[in-house]
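Atoms within a ligand are numbered from 1 in the order they appear, just like the ligands themselves.
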Amino acid sequence: MTDFESAARQREPLAKVLGARTAKQLAKLDLVTVEDLLRHYPRRYGDPGQLTDISQLAVGEHVTVMAQVRSATIRTMHSRGGAMLEAIVTDGTHTLQLTFFAKRAGVLRMHEDKLRAGRTGLFTGTVGEYRGRRQLTHPDYLIVGVDAADEDEAVLEASRPIPFYPAAASVPTWRIGRAVRTVLDPLPDDYFDDPVPAHLLARHGHPALIQSLRDVHIPDDQAALKRGRARFVYEEALILQAALARRRAANDSLTSVARPRRSDAMAAAFDARLPFPLTQGQRDVGEQIALDLERDTPMMRLLQGDVGAGKTVVALRAMLQVVDAGGQAALLAPTEVLAAQHLVTLRALMGPLAEAGMLTGTEGATRVTLLTGSQGSKARRAALAEAASGGAGIVVGTHALLNETVQFADLGLVVVDEQHRFGVEQRDELRARGDRPPHTLVMTATPIPRTVAMTVFGDLETSVLAEKPAGRAEIATHVVAADNAAWLNRAWGRIREEVDAGRRAYVVCARIDGDEAAGSDLAGSVLADAAAGESPDSRASDASAQPGKQVKPGPEKAPLASVTDTAAMLGARPELVGIGIGVMHGRLSADAKESAMARFASGETPVLVSTTVIEVGVDVPQATVMVVLDADNFGISQLHQLRGRVGRAGHSSLCLLVSRAGPGTVAHERLEALAATTDGFELAEKDLELRREGDVLGAAQSGGRNSLRLLRVVRDAAIIDQARVDARELVAADPEFVQSPALARAIAQWLEPEREDYLERS
Ligand code: ADP
Ligand code: MG
């Protein structure tokens with residue numbers, strides 16, 4: 001069979017095999033081709049010995065019940081005319097009545113014949129009640145084993161685990177199962193090419209494709225369905241990892257410019273003037289990066305380090321190595337506020353090394369330039385000129401830097417800060433830049449569990465900054481009930497004390513204005529922030545994990561606190577008399593944001609009421625208090641990021657999470673988890689546990705047409721590991737999968753545009 005034939009067989013329309021009527025029903029579930037149907041795996045399996053507990057059925061519910069027929073009798077109804085079949089089915093203890101009506105008794109014989117006492121069946125319908133007895137009227141049903149050719153087969157059929165498919169009210173699970181059997185039963189074992197190469201099946205003891213399909217759809221027993229599912233889990237992992245391995249190989253075949261270290265230039269001078277010793281982690285990761293930069297293969301590295309781990313210094317040292325070697329570096333921040341802040345930070349860390357052309361500048365120094373969309377045209381022209389001439393060794397900006405036609409004299413390194421959603425597409429865009437793509441370093445403080453990193457960033461090398469610089473202060477975190485006025489008063493009093501001691505406080509709100517429609521509040525502020533150039537980053541996943549459900553307050557629930565209202569409220573608090581209160585949110589102009597940050601940093605307005613725009617990267621060392629209002633509306637990773645804004649200069653700090661979530665709710669549990677630890681990785685794992693996994697990887701996991709169906713990134717870590725090894729081996733031997741056309745096809749399917757989308761957003 002050619003690859004083309006195999007593909008055509010998979011894509012064969014169900015209408016051709018099953019007839020138009022059944023196909024039309026299945027199309028309601030998005031099942032259109034033979035492959036769609038066969039890949040529509042059962043969600044769970046019923047044990048044929050384990051009947052449905054009939055006592056649990058609620059009137060009005062649409063159900064599929066597995067039960068045993070006890071009796072079936074046809075009666076003629078003298079009063080109304082016509083006939084009625086009454087069957088009693090049982091779970092062994094309770095009974096349920098099935099009722100069928102007809103004009104004449106003869107019509108009911110066909111049911112009577114099937115509904116023989118002792119047989120087991122699946123009965124689908126809406127539970128009704130008649131004279132105090134629960135019943136199904138005209139249920140759809142399937143008697144297990146009734147189509148069997150002989151007694152032996154009937155026994156086998158009756159003992160199989162019963163597949164339960166994701167179904168719809170109009171297309172019950174057993175009807176899907178029947179369609180699957182019609183399609184699958186006659187297929188010969190080699191009907192499709194297997195996307196998993198034979199030697200890998202052999203290596204892991206997995207059955208081949210058709211056999212595995214039989215194992216999951218028509219299992220003989222528990223062992224068979226386990227075997228089949230294991231194979232498909234592996235298959236999904238292999239397809240993903242093969243796609244990523246191929247991407248990596250493609251990257252490795254590109255040529256970049258090697259940027260060797262020099263011992264007599266800025267990087268060395270920088271190390272010498274650092275006011276603190278580098279942590280061991282900073283040195284180790286620095287060495288990895290330095291080695292990467294010295295090679296002429298483009299570096300593609302992900303640097304994970306918790307909030308405050310000191311990633312900026314690591315990035316700066318890498319940038320200096322590149323500048324020393326004659327190249328330029330770009331640092332991309334998710335927002336303009338952060339870009340502006342990075343400019344200040346880098347200049348401060350570099351001192352005279354950033355003052356080329358000035359009297360104070362040291363020899364061999366360079367310049368650091370800010371380039372953003374909202375800059376005045378004069379400043380922007382100057383920055384563009386410095387980037388193009390190479391006068392600026394380091395250019396700081398937002399992602400717009402890459403999209404626009406900004407010219408660099410010799411761009412050697414791109415550092416992407418705080419952006420774990422720097423997706424495949426952007427990475428490819430970078431690789432496609434010029435014939436000599438720059439080295440790339442992606443940094444994130446949002447801890448990504450290893451398996452997620454392997455799944456989403458499998459084409460990147462990963463470094464982790466595990467330890468934090470010494471002198472980090474404790475951040476005491478407490479969950480405060482929103483209706484606990486005494487606690488809140490105490491919080492404002494505490495802010496006063498801290499401010500009097502020269503410190504700063506953040507008060508974080510979920511939305512900007514008091515008069516926004518309640519339903520759109522959080523989404524509104526997120527959108528506003530996004531429109532103002534804010535990156536979605538972790539906030540987006542948090543917000544999208546919760547739209548409607550928790551964000552939209554019920555009719556009786558007070559609206560979420562807004563920046564405007566809260567600033568006014570705090571201005572009127574007796575505890576805070578005479579203290580300057582600033583506001584900050586995504587709808588402010590870039591200038592207004594910058595000056596709000598400056599006034600906060602300088603202490604002119606030592607209390608800053610803000611939306612989550614301060615979530616990433618903002619570094620005001622004197623900040624020691626953070627109060628998050630409506631904290632139950634934020635996700636764990638987002639709150640962890642926010643909390644990282646305090647406790648940065650060795651002053652012990654306080655984070656208060658004000659919440660309306662009652663004990664026992666998931667929201668409350670998340671907040672308690674956060675209060676219990678400041679370890680970002682531990683929190684990320686906890687987060688995964690508490691959220692549905694689909695929220696972590698994006699919509700693609702929740703059962704779309706070409707999504708991860710059985711693979712679960714946390715549970716299946718070991719399998720993903722294995723698949724990664726296998727995939728790299730495959731790519732090394734056969735980079736374009738010429739020997740494995742079915743695998744190549746599966747990858748192409750996986751890499752549809754919508755799929756790439758998923759990799760980016762997750
Ligand atoms: P993040 O990893 O969150 O981006 P930063 O790079 O902003 O962290 O670093 C946080 C703070 O720690 C900064 O003020 C930085 O100057 C300081 N810092 C970085 N490295 C060290 C170190 N080795 N020793 C002490 N302080 C450090
Ligand atoms: Mg940072």
Can you confirm whether Ser653 sits close enough to Glu474 that some side-chain heavy atom of one is under 4.5 Å from a side-chain heavy atom of the other?
no
What part of Pro621, side chain, backbone, both or neither, has a heavy atom within less than 4.0 angstrom of ligand 1?
neither
Under 4.0 Å from a heavy atom of Pro277: which atoms of ligand 1 are those, numbered in the order shown and with their elements?
22 (C), 23 (N), 24 (N)
Electrostatic pair Arg599:Glu594 at N-O distance under 4.0 angstrom
no
Nitrogen or oxygen of Leu349 less than 3.5 angstrom from that of ligand 1:
no
So for Thr279 against ligand 1, with non-hydrogen atoms under 4.0 Å, the contacting part is both
Among Val583, Val508, Val563, find the residue that satisfies the side-chain contact (heavy atoms from CB on, under 4.5 Å) test when tested with Thr611.
Val563
At a non-hydrogen distance cut-off of under 4.0 Å, which region of Met443 contacts ligand 1 (side chain, backbone, both, or neither)?
neither
With a 4.0 Å cut-off on heavy atoms, is Gly644 in contact with ligand 1?
no
Would you check if Val313 and Leu278 make a side-chain contact, meaning some heavy-atom pair closer than 4.5 Å?
yes
Below 4.0 angstrom, N of the basic side chain to O of the carboxylate: do Arg494 and Glu498 qualify?
yes
Can a donor-acceptor pair be found between the side chains of Glu336 and Ser374 at a distance below 3.5 Å?
yes
Could you tell me if any non-hydrogen atom of Ala309 lies under 4.0 Å from any atom of ligand 1?
yes
Number the atoms of ligand 1 from 1 as they appear, then name those within less than 4.0 Å of a heavy atom of Thr312, with their elements.
4 (O), 5 (P), 6 (O), 7 (O)
Among side-chain atoms of Arg301 and Ser463, is any donor-acceptor pair under 3.5 angstrom?
yes
Please determine if Phe276 has a nitrogen or oxygen closer than 3.5 Å to a nitrogen or oxygen of ligand 1.
no
